[in-house]
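Here is the structure we will look at, set down as structure tokens.
Values below: all heavy atoms of this structure, side chains included; hydrogens, waters and symmetry mates excluded.
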Amino acid sequence: MRKLLFSVVVLAGTWAFLGPKAGASVLNPFRHFFDHHEPVKPKTPEEIKPSWALGQKLYVRACESCHGPKGNGEGFWVLPTGEKAPALNHLNPRETTPEFLTQMIAQGKGMMPQWSLVLNRVQIESLVQYLRSINTQDTN
């Protein structure tokens, strides 16, 4: 009797947990374990497009500690020379071109690291999009 009760409880609990939406039925609650589905193919870097949102996430992870949360140079770290990192929200028009920003991020300059060793092309282009969006300098 205990085995029957245990089986019923396990079967009912499994069905209640998985439910009919997961493909489980009262008669075969474990069918979903044996169904063969095509594995999800991860996107390759060529399929991923640069985006402002990705640039913002990368900025928070890689740039914010030196350049500050608003890009104003008020970051947590101070350079070994005692200076703060440059502000990125008031760049002159020459410094806001995608080519200049891409080169600066990829190759670095002075104390800024060479991010092309860590970031791929799509990530760098996403950062460029984000940096251009936070720049408030007039471009007349």
N/O donor-acceptor pairs under 3.5 Å from side chains in residues 50-61, not counting sequence neighbours:
unit_1, atom_1, unit_2, atom_2, d
S51, OG, L54, N, 3.1
W52, NE1, S133, OG, 2.7
Y59, OH, G68, O, 2.5
Y59, OH, G71, N, 3.3

H67 (side chain) donor-acceptor with P86 (main chain) under 3.5 angstrom: yes
Pairs meeting criterion salt bridge (Lys or Arg N to Asp or Glu O under 4.0 Å) with involvement of residues 123-134, two or more places apart: R121-E125
Salt bridge (Lys or Arg N to Asp or Glu O under 4.0 Å) contacts touching residues 107-120 (sequence neighbours left out): none
Is there any salt bridge (Lys or Arg N to Asp or Glu O under 4.0 Å) pair reaching into residues 80-92, and which pairs are they, with sequence neighbours excluded? E74-K84
Is there a chain of hydrophobic side chains (I, L, V, M, F, W, Y, each step under 4.5 Å between heavy atoms) that links V128 to V118? yes
Hydrophobic cluster of W77, others only, ordered by chain and residue number, side-chain cut-off 4.5 Å: F76
Taking it one step at a time, do L119 and L127 satisfy side chain to side chain contact (heavy atoms under 4.5 Å, CB included)? CA-CA 10 Å; L119 303 175; L127 258 175; 3.8 Å; yes
Name each donor-acceptor pair under 3.5 Å that joins a side chain in residues 101-108 to protein atoms two or more places apart or in another chain, with its distance.
unit_1, atom_1, unit_2, atom_2, d
T102, OG1, P98, O, 2.6
Q103, NE2, Q107, OE1, 3.4

At what distance, to the nearest 0.5 angstrom, does CE of M112 lie from SG of C63? 6.5 Å
Could you tell me the separation between the CG atom of N72 and the CD1 atom of I134, rounded to the nearest 0.5 Å? 8.5 Å
State the OG1-CG distance between T97 and L91, to the nearest 0.5 angstrom. 10.0 Å
